Structure formats: C-alpha cells, structure tokens
Protein chains: 2
Amino acid sequence: MEADPSHTWTIAEIAAEFGVTHRTVRHYEEIGLISPERRGSTRVYHRRDRTRLALIMRGRRLGFPLEEIRTIIDLYDVPRGRRSQLEYVLSQIEQRRCDLEQRRADLDAALRELDAFEAGCQAELAAMTVR
Amino acid sequence: MEADPSHTWTIAEIAAEFGVTHRTVRHYEEIGLISPERRGSTRVYHRRDRTRLALIMRGRRLGFPLEEIRTIIDLYDVPRGRRSQLEYVLSQIEQRRCDLEQRRADLDAALRELDAFEAGCQAELAAMTVR
DNA sequence: CTTTACGTTTACGTTAACGTCAAGCATCCA
DNA sequence: TGGATGCTTGACGTTAACGTAAACGTAAAG
C-alpha cells in the first residue's frame with residue numbers, strides 16, 4: 001500500500017498489519033524467516049520484510065509448517081548466477097509444483113464432496129417442506 | 001478395496017494402509033475422531049472407521065488441525081432428522097465452503113507465482129545458453 | 001511349553017509455534 | 001521531571017500431535 005520503496009515500519013505496525021503479535025514476528029526472525037535491519041537495538045522493517053511476511057502468512061493459511069515455508073520463500077532468494085544454481089532452483093520449483101497440485105487435488109475433492117453433501121441435505125429439506 | 005461390507009481390520013492393517021503408526025491411530029481414537037469396535041480389549045476396525053480415517057488423512061494433507069478435522073467429519077454424521085438440525089448442517093456447510101475456497105484462492109495464487117518465477121528462471125537459463 | 005507376534009494400557013518425552021511474564025532502556029509530552 | 005508509551009532481551013509456559021518405553025495379556029507356532 002506504500003509507494004515509497006524506502007519506507008520502513010516498526011514492529012508494532014508490521015504486527016498489526018499482518019494480524020499477529022510482535023512475539024510472532026520476533027519468532028519468525030529467531031528462526032531466520034525474516035531479518036529486519038537494526039538501528040541500535042530497534043528493529044526496522046523494509047518492504048522486503050513485508051513481502052516475506054506476506055508469503056509466510058499465506059503459507060500459514062495453507063497449513064504449511066514454518067520449516068517448509070522457509071524452503072519455499074528462500075527459493076525465491078537463492079542466487080541464480082551460475083547455470084548449476086539455476087538448474088537446482090528449477091528442479092525445486094518442479095518439486096513445489098507437485099506438492100501444491102496434490103493439495104489442490106485434495107482440496108477440489110473435498111469441495112466436490114461438500115457440494116454433493118449439500119445437495120443431499122437440500123433434497124431432504126425440500127422433502128420435509130413438501131409433506 | 002474390500003467389497004465385503006462386513007470385513008474388519010486390525011490396527012496393524014489400518015496403520016499400514018494409511019501409512020501411520022498404531023500410536024497415531026490410537027491417538028485419533030483418544031480424541032474421538034474414530035471409535036472402533038472392541039472385542040474384549042482388542043480394537044476391531046470397520047469400513048466406517050476406514051472412511052473416517054481417509055477423511056482425516058486428507059485433512060492432514062491439507063494442513064488442517066485435528067480439532068478442525070473433527071468438526072468437518074462430524075458434520076457428515078450429525079443427525080438430520082429435524083428441520084432445525086438440517087438447517088444447522090447447511091449453515092455449517094456454507095462455512096466450510098468459504099474456508100475451502102479461501103484456501104484454493106491462496107493455493108492458486110501460489111501456483112501462479114511459481115509459474116511466473118519458473119518462466120523467469122527459464123529465460124535466464126536460455127540467455128546463458130545463448131551467449 | 002516357551003518363544004514370537006501382536007495387541008493392550010499407562011505415562012513420560014518431544015517438537016513446533018508461539019504465549020506470557022519480568023525487567024530493563026529510550027523517548028515523548030504534559 | 002516523571003509518567004506513559006514503545007521497544008528490547010531473556011526465559012519459562014502451553015498446546016497439538018504424536019514418539020517412545022515399560023510392563024503386561026493372549027494366542028499361534030515350533
């Protein structure tokens with residue numbers, strides 16, 4: 001929402017924005033998911049940190065453990081200067097895609113079952129209404 | 001895979017089939033996710049238990065906590081004799097659908113980002129190959 | 001008849017992901 | 001200047017989802 005690329009945020013602002021406590025934000029730093037700048041002892045968050053936080057939160061909504069989230073978002077930051085590195089990243093991408101598509105298959109199956117179940121309930125309800 | 005509806009399974013068979021330990025299966029019983037028959041002190045699993053286990057495992061793959069999985073699969077077993085019960089179930093179904101669709105949105109976003117990132121990497125690789 | 005295989009309960013241990021104090025600086029503001 | 005506010009670092013507590021070990025029953029198999 002901020003256009004200025006040099007804008008920074010405090011831990012309170014970041015926590016409020018993502019709907020978590022500052023303890024949570026610090027926990028993510030402890031395990032190396034983010035690494036805000038320090039001014040003195042105070043943490044200063046940049047856009048890069050917000051980007052990573054957003055990815056973390058989405059990973060959480062999807063139910064991924066933080067360790068797995070780390071491998072995912074770190075993938076976007078791996079240096080890709082050499083061909084071997086690029087090829088490694090590409091292989092990891094395939095890996096991730098498989099995982100995500102498996103999940104989507106499960107999700108779609110769950111949604112279809114829910115639809116069928118709802119239709120059944122609606123039918124029952126209609127039958128009750130009639131009599 | 002078993003046609004006979006009266007077929008039963010031991011805990012070892014069930015655990016092997018779903019790729020978990022017997023401790024896990026017992027844990028699910030402890031928290032009331034399944035309730036196998038008892039013959040003496042020995043657990044006897046029926047098709048109903050397998051069905052629920054399958055739902056549990058899918059919930060796990062989707063990253064749901066067991067408590068949430070319970071509310072989901074119990075929904076399929078709520079008595080729906082009275083209109084009020086049916087209406088409650090239908091409202092719960094809507095609730096679940098919202099949740100699942102939010103997840104699918106997140107999942108699709110993640111997949112699209114992955115696609116874009118892969119395309120970028122492929123382009124980089126191609127540029128390296130050319131020069 | 002005792003070993004082996006499989007089952008049971010009880011209970012403490014472990015890991016992840018934070019929650020929850022406590023105690024201490026820094027700064028703003030009336 | 002003296003709270004109030006906001007930030008910091010410990011460090012112990014908690015919940016979920018099992019792991020793991022002990023100690024015991026039972027039934028088939030050699």
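In what follows, every heavy atom counts, from backbone to side chain, and hydrogens, waters and symmetry copies are set aside. None of these values were measured; they are calculated from a predicted model. Lettering follows sequence order; numbering is per chain, from 1.
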Heavy-atom distance under 4.5 Å between the side chains of [X] and [Y], does that happen here?
X: Leu75(A); Y: Ile72(A); result: no
X: Ile14(A); Y: Arg43(A); result: no
X: Phe117(A); Y: Val89(B); result: yes

With Tyr28(B), the side chain to side chain contact (heavy atoms under 4.5 Å, CB included) member among Ile34(B), Val20(B), Asp49(B)
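So the option named by the test is Ile34(B).
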
With distance as the sole criterion, is a donor-acceptor pair present between the side chains of Asp99(B) and Gln95(B) under 3.5 Å?
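Looking only at side-chain atoms, Gln95(B) and Asp99(B) do not form any donor-acceptor pair under 3.5 Å.
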
Among side-chain atoms of Arg83(B) and Thr129(A), is any donor-acceptor pair under 3.5 angstrom?
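Looking only at side-chain atoms, Thr129(A) and Arg83(B) do form a donor-acceptor pair, the distance falling under 3.5 Å.
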
Does [X] use its side chain to pair, donor to acceptor, with the backbone of [Y] at less than 3.5 Å?
X: Arg47(A); Y: His7(A); value: no
X: Glu13(A); Y: Thr10(A); value: yes
X: Arg80(A); Y: Glu124(B); value: no
X: Arg103(B); Y: Leu62(B); value: yes
X: Arg104(B); Y: Leu111(A); value: no

Enter the inter-axis angle for the ends of the helix from dC1(C)-dG30(D) to dA30(C)-dT1(D) (five pairs per end, rounded to 10°).
10°

Indicate, with a heavy-atom threshold strictly under 4.0 Å, whether Ile31(A) touches base, sugar-phosphate, or nothing.
nothing

Close residues, residues 54-66 of chain A, relative to DNA chain C [heavy-atom separation under 4.0 Å]
Arg60(A), Pro65(A), Leu66(A)

DNA chain C: 5'-proximal contact among Glu30(B) and Ala12(B) (nearest heavy atom)
Ala12(B)

For DNA chain D, note the earliest and the latest nucleotide, 5' to 3', having some atom under 4.0 Å of a heavy atom belonging to chain A.
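Endpoints of the contacted stretch of DNA chain D: dC7(D) to dA11(D).
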
Not counting sequence neighbours, list each pair that qualifies as a ring-ring contact (aromatic ring centres under 6.0 Å, His included) and has a residue in residues 50-72 of chain A.
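Passing the test, one end in residues 50-72 of chain A: no pairs.
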
So with a 6.0 Å cut-off around OH of Tyr76(B), is the heavy-atom count from everything else above 12?
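More than 12 heavy atoms, drawn from other residues, nucleotides or ligands, come within 6.0 Å of this atom.
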
Heavy atoms from other residues, nucleotides or ligands near CZ of Arg82(A) exceed 12 (cutoff 6.0 Å):
no

Using a strict heavy-atom distance below 4.0 Å, which residues from residues 36-45 of chain A are in contact with DNA chain D?
Arg38(A), Ser41(A), Thr42(A), Arg43(A)

With the criterion being N/O to N/O and under 3.5 Å, what pairs connect the protein with nucleotides 19-23 of chain C, and how long is each?
unit_1	atom_1	unit_2	atom_2	d
dG19(C)	OP2	Thr21(A)	OG1	2.7
dG19(C)	OP2	Thr24(A)	OG1	3.2
dG19(C)	N7	Arg23(A)	NE	3.4
dG19(C)	O6	Arg23(A)	NH2	3.3
dT20(C)	O4	Arg23(A)	NE	3.1

Between Glu29(B) and Arg26(B), does any side-chain N to carboxylate O distance fall below 4.0 Å?
no

